[in-house]
Amino acid sequence: MLGPVILAASRSDRMRRLISAAPVTKQVVDRFIPGETVDEILPIVRELTDNGLELTMDVVGEDITTPEQAEAARDAYLELIDRLKPLELGERAEMSVKLSMFGQALPGGHELALANVRRVVEAAAEIGTTVTLDAEDHTTLDSMFAIHEELRKDFPQTGCVIQAYLFRTEEDARRLAAAGSRVRLVKGAYKEPAEVAYQQKHEIDKAYVRILRTLMEGEGYPMIGSHDPRLIAIAQELARTAGRKLDEYEFQMLYGIRSEEHHRLAAEGHRMRVYTAYGTDWYGYFMRRLAEKPANLRFFARSMITKG
């Protein structure tokens with residue numbers, strides 16, 4: 001019941017004004033979305049990379065309704081790439097993109113999103129880095145995977161995301177666990193029907209482990225997107241069993257969540273990439289993340305208390 005209420009609030013200008021004006025809101029948002037502009041985010045990039053961490057960067061934005069908005073989203077990524085170039089970080093700072101931001105849901109959206117994201121992937125390659133295509137709800141995935149396959153013809157380092165709670169993902173993982181692939185595995189946060197997705201946490205966790213084993217035993221490059229200590233420990237054991245070296249997989253976690261764990265893993269020699277979102281449309285991004293999984297509200301509140 002809470003999810004629809006939060007989603008309705010995300011679309012309400014009145015709620016936006018009320019929530020944005022609350023002092024506690026800025027404290028919470030600043031914890032997880034550390035800036036609105038490139039100028040504000042570049043010091044964060046330097047700080048994280050100076051401390052042995054890597055990044056995947058997401059320019060937040062929601063509700064793309066025109067091709068012009070999709071092009072503006074593309075241009076925001078191109079600006080980010082241009083500003084990253086002098087830092088010479090290479091793949092230590094990559095990008096994550098949601099194809100919905102590039103017009104995927106518009107009429108002719110598949111081709112529009114492909115054209116827009118190709119520009120970003122080309123620019124990223126020019127500075128020695130790459131792009132990962134984020135997964136969204138299950139109705140968008142066939143288009144996302146088709147775009148991913150098309151981009152990999154010229155840019156084989158392009159990554160994609162798969163979601164453990166979807167029934168289809170075990171088959172997707174077997175297909176994607178090929179030489180040269182980069183695959184981020186997450187549990188999944190969208191509200192999906194029981195016809196296509198596991199609904200219980202224990203079922204999702206078991207699916208996550210099965211899929212991660214497939215990725216670790218494959219020839220690609222697994223990216224473990226989880227804050228769950230148990231799954232992180234299982235991932236390390238699966239990597240050892242598969243004979244993987246520390247640079248043959250990586251962990252990924254959200255900026256502002258379990259930061260001490262970021263540094264612990266990096267200190268042990270693991271590749272640890274921090275998913276770092278920024279942009280002016282933080283309200284829509286933040287509220288939609290809560291609506292997708294209202295349990296995040298408790299998790300964020302607990303994180304504010306623990307600061308770890």
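- Few gaps surround CD on E203; more than 12 heavy atoms of other groups in view lie less than 6.0 Å from it.
- Atom NZ of K206 sits about 13.0 Å away from atom CD1 of I211, to the nearest 0.5 Å.
- Aromatic pair F32/Y255: centroids not less than 6.0 angstrom apart.
- Residues R230 and D228 approach most closely at N-OD1, 2.9 Å, considering heavy atoms.
- Looking at R182 and E250, no side-chain N of the basic residue comes within less than 4.0 Å of a carboxylate O on the acidic one, giving no salt bridge.
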| Q236/H270 under side-chain hydrogen bond (donor to acceptor under 3.5 Å, both in side chains): CA gap, chis, key distance, verdict | CA-CA 10 Å; Q236 291 174 304; H270 292 286; 3.0 Å; yes
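- T129 has its side chain out of reach of L89: every pair of non-hydrogen atoms, C-beta onward, lies at least 4.5 Å apart.
- The OH atom of Y198 sits 9.0 Å away from the OG1 atom of T169 when rounded to the nearest 0.5 Å.
- No more than 12 heavy atoms of other residues, nucleotides or ligands sit less than 6.0 Å from atom CD of E88.
- Put simply, the side chain of L106 reaches to within 4.5 Å of the side chain of P67, judged on heavy atoms.
- Rounded to the nearest 0.5 Å, atoms CE (M253) and OG1 (T276) are 13.0 Å apart.
- The shortest side-chain heavy-atom distance between K187 and L231 falls under the 4.5 Å cut-off.
- Side chains of L133 and V117 form a contact here, defined as non-hydrogen atoms less than 4.5 Å apart.
- The structure places OG1 of T66 at 7.0 Å from CD1 of I64, a figure rounded to the nearest 0.5 Å.
- In terms of heavy-atom proximity, S181 sits nearest to R152 at N-NH2, 3.5 Å.
- Side chain of E36 to backbone of Y278: no donor-acceptor contact under 3.5 angstrom is found.
- Side-chain N or O atoms of Q69 include none that pairs as donor or acceptor with a backbone N or O of M101 at under 3.5 Å.
- The two residues V120 and L78 come nearest to each other via the heavy atoms CA-CD2, 4.0 Å.
- Under the salt bridge (charged side-chain N to carboxylate O under 4.0 Å, His left out) criterion, the residue pairs touching residues 161-181 are D142-R168, R168-D172, E170-R210, D172-R175, with sequence neighbours excluded.
- Two residues are said to be in side-chain contact when any heavy atoms from C-beta on lie closer than 4.5 Å; Y249 and M216 meet this criterion.
- Contact detail for Y190 and A135: the closest heavy-atom pair is CE1-O, 3.7 Å.
- Looking only at atom types and distance, the side chain of T56 has a donor-acceptor partner in the side chain of E94 under 3.5 Å away.
- Side-chain contact of Q104 with S143: a donor-acceptor pair under 3.5 Å is present, judged by distance alone.
- Proximity of a side-chain donor or acceptor of H262 to a complementary backbone N or O of V274 within less than 3.5 Å is not detected.
- Judged by distance alone, with hydrogens and angles left aside, the side-chain atoms of T214 form no donor-acceptor pair with the main-chain N or O of A173 at under 3.5 Å.
- Residues T49 and L55 meet the side-chain proximity criterion, which asks for heavy atoms closer than 4.5 Å.
- Taking the six-membered ring for Trp and the full ring otherwise, Y77 and F102 have centroids separated by under 6.0 Å.
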| task | Under the side chain to side chain contact (heavy atoms under 4.5 Å, CB included) rule, what do L42 and L87 come out as? Steps first, then yes or no, please. | result | CA-CA 9 Å; L42 286 180; L87 302 183; 4.2 Å; yes
| task | Assess whether side chain to side chain contact (heavy atoms under 4.5 Å, CB included) is satisfied between L185 and I224, documenting all intermediate values. | result | CA-CA 5 Å; L185 175 62; I224 302 104; over 6 Å; no
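- At a threshold of 4.5 Å between non-hydrogen side-chain atoms, the residues M95 and D58 do not count as touching.
- The side-chain hydrogen bond (donor to acceptor under 3.5 Å, both in side chains) search around E54 returns R271, R273, not counting sequence neighbours.
- Side-chain atoms of P34 and I41, non-hydrogen and from C-beta on, do get closer than 4.5 Å to each other.
- Closest approach of E47 and N51 over heavy atoms only: O-ND2, 2.7 Å.
- With respect to the salt-bridge test (charged N to carboxylate O, under 4.0 angstrom), the residues E260 and R264 do not qualify.
- Here SG of C160 is found 7.5 Å from CE of M223. Values are rounded to the nearest 0.5 Å.
- The salt bridge (charged side-chain N to carboxylate O under 4.0 Å, His left out) analysis of residues 121-138, with sequence neighbours excluded, yields the pairs K98-D134, D134-R184.
- The shortest non-hydrogen separation linking G218 to R244 is O-NH2, 3.0 Å.
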